[in-house]
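Some notes on the structure that comes next.
Computation of the quantities below employed the complete heavy-atom set of this structure, encompassing side-chain atoms and omitting hydrogens, waters and symmetry-equivalent molecules. Residue numbering restarts at 1 for every chain, and letters A, B, ... go by the order of the sequence lines.
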Amino acid sequence: AQSVTQLDSHVSVSEGTPVLLRCNYSSSYSPSLFWYVQHPNKGLQLLLKYTSAATLVKGINGFEAEFKKSETSFHLTKPSAHMSDAAEYFCVVRTGTASKLTFGTGTRLQVTL
Amino acid sequence: SAVISQKPSRDICQRGTSLTIQCQVDSQVTMMFWYRQQPGQSLTLIATANQGSEATYESGFVIDKFPISRPNLTFSTLTVSNMSPEDSSIYLCSVGDRGLNEQYFGPGTRLTVT
C-alpha cells in the first residue's frame, strides 16, 4: 500500500521569505513522487516530479523538492515566496508501474505582505 | 503535455437526477482517470476508464452509481447517477502519458446537488 502524509494543513509565510511544505510518504516499492498546485477555481498543475533520477528535483516557478529515502520525505521548498504562490499544494505518490496516484490531504499556502 | 477539456464546467442539479460529465483530450491517450474532490478535501480516484472494456473502480465506488464510458482514445464520460447532496464535489478527469510518468488534469466540473 502507498500513502502520503502532508504534515501541515496550512502554512503562512511573508512575501520574500522561504517556503517549506512537508510531505512524508509510505510505499512498498520505489515510488514516484509529485507535487501539484491548485489555485482557486483553477485546475491542477504539475509542479515537479521525482522518478528515481536525481534526488533534488527542480520544478516550475522556482520550486524544488528533495527525495530523502532514509527519511521517506519529499519536502517542497522555494527560497522566496511570491503572492502568486498562494494556493493549495498536494503531495502525490505513485508506486512502481501502477498508474494509481494517491494524493495527500493538501497544504494551503498563504502569502502575506 | 495534453490539453484536457471538461463539460460542463459547473452545474447545479436536483437530488435524484443524473449528470453526465464529458472529458475530451487533444491527443490519443491510453489511460484516462476520474477523480472526485469533495469540498475542502483532497482528490480520490473513482475509476480508471479503459478503452474498449469496462472501467476499473476503486474501493467504495460502483458502476451503478458512476457509470463510465470510453468509446475511443480521446474521450470519456462519467455519469453521477441518482444524485444526493453528498455527491456535491469537483469531478476531475486526468490522463496519463505513454510512460505514465505524469498525469495531466482537466479543469474539473463543479457539481452542486440541492
Side-chain angles (χ1 to χ4, degrees), chain A residues 1-10 21 23-25 29-54 57-60 65 67 87-110, chain B residues 1-7 9-10 21 23-26 29-51 55-61 70 76 89-112:
Chain A
Q2 57 190 31
S3 66
V4 287
T5 301
Q6 292 185 243
L7 298 164
D8 307 292
S9 60
H10 181 259
L21 305 183
C23 173
N24 286 101
Y25 70 91
Y29 304 97
S30 298
S32 294
L33 291 156
F34 309 82
W35 277 97
Y36 283 85
V37 61
Q38 186 177 40
H39 286 93
N41 300 313
K42 296 276 183 73
L44 281 162
Q45 181 181 22
L46 179 66
L47 273 180
L48 49 80
K49 64 179 180 181
Y50 166 77
T51 54
S52 76
V57 181
K58 294 187 184 297
I60 61 172
F67 174 73
E88 188 86 17
Y89 291 79
F90 293 98
C91 182
V92 182
V93 64
R94 190 189 75 225
T95 301
T97 58
S99 57
K100 179 180 177 180
L101 298 183
T102 300
F103 280 73
T105 51
T107 298
R108 180 165 297 277
L109 176 64
Q110 181 182 13
Chain B
S1 65
V3 176
I4 305 167
S5 60
Q6 287 184 234
K7 289 181 181 179
S9 59
R10 60 178 61 226
I21 302 168
C23 177
Q24 180 75 52
V25 189
D26 69 342
V29 293
T30 306
M31 310 293 284
M32 293 182 78
F33 310 90
W34 287 98
Y35 289 82
R36 180 176 73 182
Q37 186 177 22
Q38 293 177 299
Q41 304 212 12
S42 186
L43 278 76
T44 303
L45 180 64
I46 297 172
T48 302
N50 304 308
Q51 195 269 332
T56 304
Y57 289 84
E58 296 299 308
S59 175
F61 297 96
R70 179 86 194 271
S76 178
S89 297
I90 299 173
Y91 292 86
L92 298 105
C93 167
S94 80
V95 303
D97 71 353
R98 177 180 289 274
L100 294 181
N101 284 333
E102 294 182 15
Q103 281 192 21
Y104 307 107
F105 286 81
T109 295
R110 185 180 295 271
L111 170 62
T112 302

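B/Ser42 contributes no side-chain N or O that, together with a main-chain N or O of A/Gly106, makes up a donor-acceptor pair within less than 3.5 Å.
Distance check: B/Glu102 CD to A/Tyr36 OH gives 6.5 Å after rounding to the nearest 0.5 Å. Taking CZ of A/Phe34 as the reference point, atom CD of B/Gln103 lies at 7.5 Å (rounded to 0.5 Å).
Options A/Leu101, A/Val92, A/Leu46 differ in how many heavy-atom pairs under 4.5 Å they form with chain B, and the most are formed by A/Leu101.
Contact of B/Glu58 with chain A is made through the side chain alone, with heavy-atom distances under 4.5 Å. Heavy-atom distances place the side chain of A/Gln38, and not its backbone, under 4.5 Å from chain B. For chain A, the nearby parts of B/Leu43 are the backbone and the side chain; heavy atoms of each come within less than 4.5 Å.
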